[in-house]
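Numbers restart at 1 for each chain; the letters A, B, ... are given by sequence-line order, proteins then strands. Heavy-atom basis, side chains included; hydrogens, waters and symmetry copies ignored.
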Protein chains: 2
Amino acid sequence: MPKKTFFNLPDNKREKLIESAEEEFSRVPLSQASIANIVKAAGIPRGSFYQYFENKEDAFYYLLEAQTNKRKEFFIISLQKNNGDILAAIEDLFCLMLKELGEEDNLNFLKNALMNVTHEIEDVFTKIFTIKDSGKSSLIEIRNMIDKEKLNISDEKEFFHIMQILTSVTFRNLVDKYSRDISDEEALENFMIEMNLLRKGLSK
Amino acid sequence: MPKKTFFNLPDNKREKLIESAEEEFSRVPLSQASIANIVKAAGIPRGSFYQYFENKEDAFYYLLEAQTNKRKEFFIISLQKNNGDILAAIEDLFCLMLKELGEEDNLNFLKNALMNVTHEIEDVFTKIFTIKDSGKSSLIEIRNMIDKEKLNISDEKEFFHIMQILTSVTFRNLVDKYSRDISDEEALENFMIEMNLLRKGLSK
DNA sequence: ATAATAAGTGACACAATGTCATAAGTCAAT
DNA sequence: ATTGACTTATGACATTGTGTCACTTATTAT
């Protein structure tokens, strides 16, 4: 987490810093990103950066988490629309991310994150499915929104593992799209094939 | 790939270099590994390293690939034992890797690789399932060893996606074991739950 | 006004990377 | 044996990057 000085910053300065960091993390993956570039673009001295963040990673994960939170809202709405059908909701989320990744130029950020998914990064994304902090400290358990009757499970433990499987597969498909430079259509087709295999089971 | 000078090296020198590199990649993940440490341990000048490898990554992937090839043999045997049942064979492979990871000290190498899986690393591991170069240039297609009758698929394309799903899930389980520091027993139990869910399908 | 606390600053020490000019070694042909 | 073409070895160097620290400046409380 950023240090408290970061949150004490005047809005415009903080925003400029965020913007500069996003720019750098959009340019190259985390490992190649340079603090020098960030502070230069933000017009602050090097020492200040360390006043606000522990290090490069701290800044990166803060930004990634912020972006992910936006996607949570979409996911919740989609889950409601689909009457608690988790597989359908995840399909919607996959489409959203395809769309996002095609659109804005500065969303190379997401691309760079996907191309270097480590378990830490995957964990951040996975938070979409756990707990939602919607505005006024009201916590909604997404777990409870999911219609478990639609799933082929006998206990709560199996439900957890279904979520694990779904995230692994969804991720892998997103990563593939970029590492293999596949068209949106093809990526979606691949993903749907896999989702259907998951639905019906791999074994005869 | 290493440069040709690397392969021209006298055996003992090459082996010492390999050993030193493995040591360094066992100490820390790729991003933190230092060429300085490798050349120091191998007793060669810095410039020589670049005579043999393009860079750090080149050396890392070369070593990773070498290790992975060893696991291929095991996988093939296991696939035969299980009469082409791919899910059963993958379960065996998972057990093998758990065992390997528990045993030798220098197999922190594998651990460091797993904790920082990117699509490149996943791709190297995935090669286990594609083509096997067994000793005398005889190529065996693993694909053909798999009994597709046991799978719930209608075409070759779906078969490919089943492999995708299985690798994603297997990986995720291995990574989890180390990122969450789970016991072998628990890791295996989790993995088996997911494999069974995959078998029977997620949806009612 | 003064003290205390927080924030800002940039030079610095240190470590890492990849390159390059030069030295040393190998080997076949004369 | 000598030459010369080619391959390999070497380590100093330029460059870039990280995180720290002593010191300055601003802000807030008393």
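- For B/Phe60, the ring-ring contact (aromatic ring centres under 6.0 Å, His included) criterion is met by B/Phe25, B/Phe109, not counting sequence neighbours.
- A search for side-chain contact (heavy atoms from CB on, under 4.5 Å) contacts involving B/Asp155 returns B/Lys157, B/Glu158, not counting sequence neighbours.
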Protein-to-nucleotide contact annotation, 5' to 3' order, nucleotides 25-30 of chain D [B base; S sugar-phosphate only; - none; under 4.0 Å, heavy atom]: ------
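- In the 5' to 3' direction, nucleotides of DNA chain C lying under 4.0 Å from heavy atoms of chain B begin and end at C/dA16 to C/dT19.
- Contact annotation: B/Asn8 side-chain N/O to D/dT8 OP1/OP2 distance is under 4.0 Å.
- Residues satisfying the ring-ring contact (aromatic ring centres under 6.0 Å, His included) test with B/Tyr61, not counting sequence neighbours, are none.
- With rounding to whole Å, B/Lys3 atom NZ is found 14 Å from D/dT7 atom P.
- For the salt bridge (charged side-chain N to carboxylate O under 4.0 Å, His left out) condition, the pairs that include at least one residue of residues 160-177 of chain B, sequence neighbours left out, are A/Glu122-B/Arg172, B/Arg172-B/Asp176, B/Asp176-B/Arg180, B/Lys177-B/Asp184.
- Every residue two or more places apart in sequence or in another chain that forms a ring-ring contact (aromatic ring centres under 6.0 Å, His included) with A/Phe94 is listed here: A/Phe191.
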Annotated protein contacts, base or backbone, on nucleotides 9-24 of chain D with a non-hydrogen cut-off under 4.0 Å, one of B, S, - each: BBB-----SBBB----
Show every donor-acceptor pair shorter than 3.5 Å between a side-chain atom in residues 36-49 of chain A and any protein atom, with sequence neighbours excluded, or say none if there are none.
from	atom 1	to	atom 2	distance (Å)
A/Asn37	ND2	A/Glu24	OE1	3.4
A/Asn37	ND2	A/Glu24	OE2	3.2

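- With sequence neighbours left out, the ring-ring contact (aromatic ring centres under 6.0 Å, His included) criterion links A/Phe6 to A/Phe53, A/Tyr62.
- Applying the side-chain contact (heavy atoms from CB on, under 4.5 Å) criterion to A/Asp11, with sequence neighbours excluded, gives A/Arg14, A/Glu15.
- Residues meeting the side chain to side chain donor-acceptor pair (under 3.5 Å) test with A/Lys150, sequence neighbours left out: A/Asp147.
- Side chain of B/Thr167 to main chain of B/Thr126: no donor-acceptor pair is present (N/O by atom type, distance under 3.5 Å, no hydrogens or angles).
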